[in-house]
Amino acid sequence: MSMHFFNSLTRQREPFVPLEGRRVRMYACGPTVYNFAHIGNFRTFVFVDILRRHLKWRGYELLHVMNLTDVDDKIIRDARAAGLPLREFTERYVTHFWEDADALDIERPEVTPRATDHIPEMVALIGRLIHCGCAYHSDGSTYFRIASFPRYGVLSGNKLAGNIAGGSARVEADEYEKDDVRDFVLWKRTQPDEPTWDSPLGPGRPGWHIECSAMAMKYLGESFDIHCGGVDLIFPHHENEIAQSEAATGKPFARYWLHAEHLLVDGRKMSKREGNYYTLRDLLDRGYRARAVRYVLAAVPYRKPLNFTLEGVEAAERRLKRLNETVRRLREAVPTTTNQVDETAKVVADIRQSFGAAMDDDLNTAEALAAVAQLETTVNIALSRGELTEAAKAAALAGFEDVQAVLGILDPAQPELLPADIEALIAERLAARRAKNFARADEIRAQLAAQGIILEDGKDGTRWRRA
RNA sequence: GGUGGCGUAGCCAAGUGGUAAGGCACGGGUCUGCAAAACCCUUAUUCGUCGGUUCGAUUCCGACCGCCACCUCCA
């Protein structure tokens, strides 16, 4: 069964076929580093991470580039407000971004280039555009001439910018130096108090869109397989990337465009003013675990809006606790040696198949998680009946390894030894239970519960777990 | 004004022209000395409303209602 993705470019679900055999080249628009990333940002980054993990899991060799936008209007504004040089200002948010990404188990892409380290590449690309008549200088800045690119609008369907009723007047007033209001800036003339780079285009700084074209081409070539990001980037950012890239090279830029829908918080667009704005740190400070946040972000397929609520994170915490306990019991299980017909191993194999098929189908994480739930139940039944064979155990563990490789939602195995005094109490309780001294046994259980250690009696003895 | 999307049980949510996955919560049960955990059962005759096409629609078409997004910085 092959992989399929919904391609924003064609608005259709298409079989995924890389340009070069088993090698996949992919570009993802990364963060603009002027503040802590919020969970909406991370919805997209978790989606990209799952895409990345799934491609690798299916055996593709991956070259994944994610840029860091470290120069733009907001960054300049906030760096100035903070009284810091641009690089020093962005450096700290780059660091915070990776801290958050690590907490969410987001894998590091192979290449994570920063815009300001690629000014020469951008200038060179703009030079090509001028050379082919697709760009022009005006008043110290350089603009892309949209009229030179007939395919403009293929991705977004927007043929014209400034078509908002009542909005076009403002656009025109600001942009009188352009030949056409739709044209966008490639290189901005230097401004007082702004970071400036010298270049053959004159002193100035890059416009927003050119960085992604320049860096994608540098690391991935002029044509590559996948370009992804949030839906809001479709227009103008990705539309402009296509225009400037394809105008310069005459070749198709990215073949598959994948866009993650936004998330809402409590059913509304997240905004600081509304008070429904969360960074990852906000959630960690409230005591939620990053993996639960990841689960929430991963559980809704990426093309659907996701309604984020704290209740949802709490439900995810409960869900993951059960799942992790099942995996732990499975790891510790001693398989039965009694020979018998092993139905479980076959059922598990089918479930693993379903999991992969769901993910192959445009990353249908909701359906994949249904398979995970089946796997969990199957394991628990076999375990409680004492019917888990070596083969079934191995298959089930492999199944959870699949889940972990692709979704990254499980806790790592971490065998933990209890302090000797607690072990002694557990032993004492066992003896008390054997002697039917239940009062003492319950007393010990309550005492340990107060310390966050839950005891569970089963037919193979007593297990403990953290509350 | 233009464009796109969504509306499925208390909540999150999958899905399909053929009779509604899964999770969380709730209730009942099995197991247990009692618990816990696990498991089982129950929970939408119904998929925003009204029409149409069809042997049959939640799934296709139309209208309407409600919500969201993009068209401007935004993941």
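Naming: A, B, ... by sequence-line order, numbering from 1 per chain. From a predicted model like this one, the values you see are computed outputs, not experimental measurements.
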For a quick check, tell me whether the side chain of [X] and the base of [N] share a donor-acceptor pair closer than 3.5 Å.
| X | N | value |
| --- | --- | --- |
| A/D442 | B/G33 | yes |
| A/R77 | B/C73 | no |
| A/D73 | B/C74 | no |
| A/R11 | B/G4 | no |

Salt bridge present between A/D457 and A/R433 (N-O < 4.0 angstrom):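 Between A/R433 and A/D457 there is a salt bridge, with a charged N closer than 4.0 Å to a carboxylate O.
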A/E211 with A/R114: basic N within carboxylate O range, under 4.0 Å: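 Answer for the salt bridge query: no.
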Protein-nucleotide distance ([X], atom [atom1]; [N], atom [atom2]), rounded to Å:
| X | N | atom1 | atom2 | result |
| --- | --- | --- | --- | --- |
| A/I409 | B/C12 | CD1 | P | 20 Å |
| A/H259 | B/G5 | NE2 | C1' | 15 Å |
| A/D72 | B/A75 | CG | P | 9 Å |
| A/I454 | B/A37 | CD1 | C1' | 11 Å |

A/Y278 atom OH: more than 12 heavy-atom contacts under 6.0 Å: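 Enclosed: over 12 neighbouring heavy atoms sit under 6.0 Å from OH of A/Y278.
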Classify [X] by what it touches in the nucleic acid, base, sugar-phosphate, or nothing, heavy-atom distance under 4.0 Å.
| X | answer |
| --- | --- |
| A/R322 | sugar-phosphate |
| A/E311 | nothing |
| A/A260 | nothing |
| A/R440 | nothing |
| A/A366 | base |
| A/P301 | sugar-phosphate |
| A/K304 | sugar-phosphate |

Strictly below 4.0 Å: does [X] bring a side-chain N or O up to OP1 or OP2 of [N]?
| X | N | value |
| --- | --- | --- |
| A/R319 | B/C24 | yes |
| A/T32 | B/A75 | yes |
| A/R445 | B/A37 | no |
| A/N380 | B/A38 | no |
| A/R303 | B/G5 | no |
| A/S384 | B/C31 | no |
| A/N364 | B/A14 | no |
| A/R328 | B/A37 | no |
| A/K321 | B/C24 | no |
| A/W464 | B/A36 | no |

A/N41 side chain near A/H38 side chain, heavy-atom distance below 4.5 Å: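 Answer yes - side chains close enough.
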Can you tell me how far [atom1] in [N] sits from the matching atom in [M], rounded to whole Å?
| N | M | atom1 | result |
| --- | --- | --- | --- |
| B/U59 | B/A25 | C1' | 29 Å |
| B/U45 | B/U72 | C1' | 49 Å |
| B/C55 | B/C39 | P | 46 Å |

Ring-base stacking, A/H262 with B/A75 (5.5 Å, 30° cut-offs):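 It does: the two rings, one from A/H262 and one from B/A75, meet the stacking criterion.
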Residue mapping more 5' on RNA chain B - nearest nucleotide basis, A/R43 or A/A316: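 Upstream on the strand: A/A316.
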Nearest-0.5 Å distance, CG of residue A/D73 to CH2 of residue A/W208: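 These two atoms lie 10.5 Å from each other.
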Assigned partner base of B/G27, Watson-Crick or wobble definition, under 3.5 Å: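 Answer to the pairing question: B/C41, which forms a Watson-Crick or G-U pair with B/G27.
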Base-pairing assignment for B/U32 (Watson-Crick or G-U wobble, both under 3.5 Å):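 Its partner: none found.
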A/W98 six-ring face occupied by A/R108 cation (under 6.0 Å, within 45°):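 Yes, A/R108 sits over the ring of A/W98.
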Axial cation check for A/W464 ring with A/R445, 6.0 Å and 45° limits: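 No.
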